[in-house]
Amino acid sequence: MSAAGEHSGHYDRGVSKESATSTSRSAPATSASPRVVTRFAPSPTGHLHIGGVRTALFSWAYARRHGGSFMLRVEDTDQARSSESSMRGILEDLAWCGVDWDEGPGFVDPIGRPIGGDPRNVGSFFQSQRLEIYDRVIAEMLESGLAYPSFDTPEQLAALRKEADGKKEAFRYKRGAGEDPKGAMDRMRSGEPCVVRFANPDRVVNVTDEVLGEVRFGPEHTDDFVLRKADGFPTYHFAVVVDDQTMGVTHVLRGQEHLNNTPRHVALQIALGYRTPVYAHLPLIFNMDGSKMSKRDKDKAVREACKGAALSAEAVSAMLEEAGTATTVADVRRWQDDKTRQLGSDQLRGLAQRLQIVLPEIDVEDFRRAGYLPEVICNYLALLGWNPGQKNADGTDVEKFDRAFVSANFSLDRIGKTSSKFDRVKLGSFNQTAIAAMSDAEFAERFRDWCDVFDQMMLQRFDHDRMTLLCAAARPRVKTLSEVASKAGPVGFALVSDDEVVYDPAAVEKALRKPVEMEAGRPPTTGAELVRAFGVELASVEPFSA
RNA sequence: GUCCCGAUCGUCUAGUCUGGUCUAGGACACGGCCCUUUCAAGGCCGGAACACGGGUUCGAAUCCCGUUCGGGAUACCA
């Protein structure tokens, strides 16, 4: 058993007998390099961020490329912020993107294929259900002096931080020299609330990153960070190290914001005798203005629009009521006065619609609602920080590809080091091209599926044939599915009553006024007039594509 | 503040490791023209970048150092 090479670490000695033995058994025990296992480990505290999809996509592609397995693990160790519903949403969004996981929570994708499962028997994929494993490691560490209980109050910690700040130093928590270890253990055993900290030895930690190269972190980086919180749950740093080891994760792809966390993880791995996985830190993705792409952006956009329109709290409240998301004037006022407050996503959507602004898309769900195709999102995302470095026959770069291409060509050495800005215009162009390349039938089907989720009204207003007609007319000139209704082109008539059709004066001048004037002696002003002027029946208007 | 990372057209990037083939290529966007009864789409053409300063070298976008700028981390969040 202990011949399992890389896996014969600490946990074989009893951290988690069950998962340890089973992991080792199914791992290729004779091989020095175990089968590739990558993972995506979201924390279920909100929707799936578009940047997260790229991390997942790359992790997925790397596993596919190397015949390995892609795991999804739910990091729900923040009891206050984690929720079941956001976990479900994340699984759904990931599956919608076509990024399917070989191991992880069970799920059925949109076409009825089961995703997930636990083929290697590594145990639960929810960290909240792995507490026993963490506790066993903690007990050992406490026993061997690798960890110790700590009783500081938040106020004490704040004071220490302030002190360090005053000295213009980075705050690093280290165990007090004169502390009595036995006394501390006794206090903990007596039930006094405490955290457990890592007795982190001062040492230089060299992190080898496949993207950034060798990064040296001096001893000033070590601190006795918390392993287990007072509520008994593990911290991220601890859970991630234990899980990556016990679940046989070989390659960790994650955002560059984690680079500074890596020496902590490596220090823990060394102390515990764990293997260090291969790390690849992905460059960050920002908004076009260089700011962080965050959920707050939506709130910010609405806030600015309200301010720009000089809307009173009463007016906003009325709008919200109209939108079916009633909120009291007092609440609106509180929101207006406090920039840290945020409106709910339904409220923001309702206001955006009434204010005629487009909310910035941040989460997968936003892009989906806007009518971007999942395969296009994956294509565009893959190009952010990675590129295949291949040329087409005409000398242009290979830029348009599907997920299969990514999984066949993905490699860590083609990941860039520089952060990128998310360009929705280019995404839109890719989406338009993809739509233009579809058949009318396929597009109509896609649009119906989209309506099924986001626009039931549309489905009720149009029977199958009329919908087909509408889609055929809209397809060549539309960037997203949500634009079908607004840019229906020649059959735009069909969507509003004749009298409501308002024409762009320049277009009327250029194409319609002169011919109609010759007939009627004056310019037409409404759709109804035009129809009369031309003497045609609406039903006879056929969609055409130029 | 301290530590860490980064720097090629407006944006995403190729080229950098292995210096010359780079008067720096592609894509999106932009401008012009063509096509066109509208809007799109398509075709052709165009403007547009190696952050700055020092080295090393016959030769630097490419290697080294510094400066500047940008970003990240500095939690009982992940």
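Below, chain A is the first sequence line, B the second, and so on; all start at residue 1.
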J.: To the nearest angstrom, how far is L160(A) atom CG from G1(B) atom C1'?
T.: 17 Å
J.: If U21(B) has a Watson-Crick or G-U wobble mate with both distances under 3.5 Å, name it; if not, just say none.
T.: none
J.: Mind checking the P distance from C12(B) to A29(B)? Whole angstroms is fine.
T.: 15 Å
J.: Quick check, are the ring centers of F40(A) and W101(A) under 6.0 angstrom apart?
T.: no
J.: Under a 3.5 Å cut-off for both distances, is A41(B) Watson-Crick or wobble paired, and to whom?
T.: none
J.: Please classify the nucleic acid contact of H281(A) as base, sugar-phosphate, or nothing, using heavy-atom distances under 4.0 Å.
T.: nothing
J.: Looking at every strand, decide which applies to G385(A) at a 4.0 Å heavy-atom threshold: base, sugar-phosphate, or nothing.
T.: sugar-phosphate
J.: Hey, does Y380(A) reach any base, or is it just sugar-phosphate, or nothing, if we go heavy atoms under 4.0 Å?
T.: nothing
J.: Quick check, are the ring centers of F367(A) and F422(A) under 6.0 angstrom apart?
T.: yes
J.: Partner of C30(B) by Watson-Crick or G-U wobble geometry, both contacts under 3.5 Å, or none?
T.: G46(B)
J.: Would you say R216(A) reaches C3(B)'s phosphate, i.e. side-chain N/O to OP1/OP2 under 4.0 Å?
T.: no
J.: Which part of the nucleic acid, if any, lies within reach of A230(A) when heavy atoms closer than 4.0 Å are counted: base, sugar-phosphate only, or nothing?
T.: base
J.: Would you mind pulling out the nucleotide paired to A51(B), Watson-Crick or G-U wobble, both distances under 3.5 Å?
T.: U67(B)
J.: Base, sugar-phosphate, or nothing for N261(A), non-hydrogen atoms under 4.0 angstrom?
T.: base
J.: Respond yes when some side-chain nitrogen or oxygen of R161(A) is under 4.0 Å from OP1 or OP2 of C76(B), and no when none is.
T.: yes
J.: Here's one to test your reading of the geometry: is the NZ or CZ of R197(A) within 45 degrees of the ring axis of F225(A) and under 6.0 Å from its centre?
T.: no
J.: Answer yes or no: does a side-chain N or O of K229(A) lie under 4.0 Å from OP1 or OP2 of A78(B)?
T.: yes
J.: Please state the P separation for the pair A51(B) and U62(B) - nearest whole angstrom.
T.: 8 Å
J.: Please report, rounded to the nearest Å, how far the C1' atom of G70(B) is from the NZ atom of K292(A).
T.: 15 Å
J.: Looking only at atom C1', what distance separates C9(B) and U18(B), rounded to whole Å?
T.: 27 Å
J.: Please state how far atom CD in E399(A) lies from atom P in G25(B), giving the value in whole angstrom units.
T.: 16 Å
J.: Can you measure Y236(A) atom OH to U74(B) atom P for me and round it to whole angstrom units?
T.: 11 Å
J.: Within this structure, what is the CG-to-C1' distance between L282(A) and C4(B), rounded to whole angstrom?
T.: 17 Å
J.: Centre-to-centre under 6.0 Å for H265(A) and H237(A), is that the case here?
T.: yes
J.: Going by the angle between their ring planes, with limits at 30° and 60°, are F447(A) and F443(A) parallel, tilted or perpendicular?
T.: parallel
J.: Under 4.0 Å, heavy atoms only, any strand: does T77(A) hit a base, just the sugar-phosphate, or nothing?
T.: sugar-phosphate
J.: Within 45 degrees of the axis of the six-membered ring of Y134(A) and under 6.0 Å from its centre: does R228(A) put its NZ or CZ there?
T.: no
J.: If you measure only the distance, is there a donor-acceptor pair under 3.5 Å linking the side chains of T222(A) and D202(A)?
T.: yes
J.: For a quick check of understanding: with a heavy-atom distance under 4.0 Å over all strands, which category does E257(A) fall into, base, sugar-phosphate or nothing?
T.: sugar-phosphate
J.: Would you measure the distance from the P atom in U2(B) across to the matching atom in U13(B) and give it in whole Å?
T.: 31 Å
J.: If the cut-off is 4.0 Å, is R475(A) near the phosphate of C39(B), judged by side-chain N/O to OP1 or OP2?
T.: no
J.: Starting at atom CZ of R254(A), determine the distance to atom C1' of A73(B), rounded to an integer number of angstrom.
T.: 13 Å
J.: Looking at C5(B), I'd like to know if its phosphate oxygens (OP1 or OP2) sit under 4.0 Å from a side-chain N or O belonging to S419(A).
T.: no
J.: Counting any heavy atom closer than 4.0 Å, what does V425(A) reach on the DNA or RNA strands: base, sugar-phosphate only, or nothing?
T.: sugar-phosphate
J.: Would you tell me if any nitrogen or oxygen in the side chain of T235(A) comes within less than 4.0 Å of OP1 or OP2 on C77(B)?
T.: no
J.: Once you apply a heavy-atom cut-off of 4.0 Å, does R424(A) come out as touching a base, just sugar-phosphate, or nothing?
T.: nothing
J.: Would N387(A) and D397(A) count as having a side-chain donor-acceptor pair, cut-off 3.5 Å?
T.: no
J.: Going by modelled atom types, is there a donor-acceptor pair between the base of G25(B) and the side chain of D397(A) at under 3.5 Å?
T.: yes
J.: For RNA chain B, whose closest nucleotide is more 5', that of T418(A) or that of A41(A)?
T.: T418(A)
J.: Mapping E75(A) and D423(A) to their closest nucleotides on RNA chain B, which lands nearer the 5' end?
T.: D423(A)
J.: Determine whether the aromatic ring centres of H251(A) and F70(A) lie less than 6.0 Å apart.
T.: no
J.: Under the 3.5 Å rule, do the base of A27(B) and the side chain of K400(A) count as making a donor-acceptor pair?
T.: no
J.: Expressed in whole Å, how much space separates the P atoms belonging to G19(B) and A75(B)?
T.: 43 Å
J.: Output yes when at least one side-chain N/O atom of N260(A) is less than 4.0 Å from OP1 or OP2 of U74(B), else no.
T.: no
J.: Provide the distance between the two C1' atoms, one in C34(B) and one in G53(B), to the nearest whole Å.
T.: 48 Å
J.: Separation of N387(A) atom CG from U11(B) atom P, in whole Å?
T.: 17 Å
J.: Roughly how many Å is it from NE2 in H258(A) to C1' in A78(B), rounded to a whole number?
T.: 6 Å
J.: Contact class for D231(A) vs. all strands (heavy atom < 4.0 Å): base, sugar-phosphate, or nothing?
T.: nothing
J.: Write down the partner of C3(B) under the Watson-Crick or G-U wobble criteria, each distance required to be under 3.5 Å.
T.: G72(B)
J.: In whole angstrom, give me the gap between the C1' atoms of G31(B) and G6(B).
T.: 33 Å
